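In what follows, a single structure is set out as structure tokens and then discussed.
Given the structure is predicted, the values throughout are model-derived calculations rather than measurements.
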Amino acid sequence: MRALSCLALAVATLGLATTAAAVDLKNEDSKKYDVKVEEGAATTSTSIEGNTTKVSICSECRITVVGVGTVEASGSDVLVIRNGELSRQ
């Protein structure tokens with residue numbers, strides 16, 4: 001019985017570890033940008049200041065940096081705004 005409990009705990013921990021990965025957005029420009037994050041049916045509007053990083057924006061989403069571009073991202077992707085362009089790191 002104890003072995004089964006340990007196995008269940010290990011599986012639960014592994015499940016949390018794989019779902020914990022999240023998308024980061026890094027702004028290497030000095031300019032502030034408006035950002036829209038579409039995750040499932042929900043859309044969130046936010047912004048990112050210059051030379052900052054927003055950590056764990058979503059786990060799987062579409063990110064639009066207004067006036068720059070749109071990228072689909074998931075897992076541990078790191079998106080970078082550099083010289084007015086949006087790309088994956």
Side-chain angles (χ1 to χ4, degrees):
M1 182 63 118
R2 184 162 191 221
L4 184 57
S5 295
C6 289
L7 178 60
L9 179 61
V11 169
T13 302
L14 180 60
L16 288 175
T18 57
T19 58
V23 177
D24 295 343
L25 177 63
K26 186 177 193 178
N27 184 2
E28 294 185 353
D29 290 351
S30 59
K31 175 183 174 180
K32 174 182 175 180
Y33 291 98
D34 291 322
V35 178
K36 290 184 183 179
V37 180
E38 297 174 57
E39 188 167 21
T43 300
T44 305
S45 294
T46 187
S47 62
I48 186 167
E49 296 293 330
N51 301 307
T52 61
T53 300
K54 282 199 172 273
V55 179
S56 299
I57 289 185
C58 65
S59 57
E60 185 174 345
C61 62
R62 169 182 277 188
I63 296 178
T64 300
V65 179
V66 178
V68 176
T70 300
V71 173
E72 305 250 347
S74 63
S76 58
D77 286 348
V78 177
L79 304 181
V80 179
I81 305 166
R82 182 183 302 125
N83 299 322
E85 296 181 2
L86 179 62
S87 62
R88 254 186 208 86
Q89 186 172 29

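Closest non-hydrogen pair, V35 versus L25, comes out as CG2-CD2, 3.9 Å. Closest non-hydrogen pair, A21 versus S76, comes out as CB-N, 4.0 Å.
Every pair passing disulfide (SG to SG under 2.5 Å) that includes a residue from residues 59-89 is listed here, sequence neighbours excluded: C58-C61. For residues 45-61, the set of pairs meeting the salt bridge (Lys or Arg N to Asp or Glu O under 4.0 Å) definition, not counting sequence neighbours, comprises K32-E49.
Not counting sequence neighbours, the partners of D77 by the salt bridge (charged side-chain N to carboxylate O under 4.0 Å, His left out) test are R88. Here V66 pairs with D34 under the side chain to side chain contact (heavy atoms under 4.5 Å, CB included) rule; sequence neighbours left out. In this view, E38 and T43, R62, T64 satisfy the side chain to side chain contact (heavy atoms under 4.5 Å, CB included) rule, not counting sequence neighbours. Residues satisfying the side chain to side chain contact (heavy atoms under 4.5 Å, CB included) criterion with E28, sequence neighbours excluded, are K26, V80, R82. D29 meets the side chain to side chain donor-acceptor pair (under 3.5 Å) test with Y33; sequence neighbours excluded.
In this structure, I48 CD1 and I57 CD1 are separated by 6.0 Å, a value rounded to the nearest 0.5 Å.
Checking L79, T46, V71 one by one against I63, the side chain to side chain contact (heavy atoms under 4.5 Å, CB included) holds for a single residue, L79.
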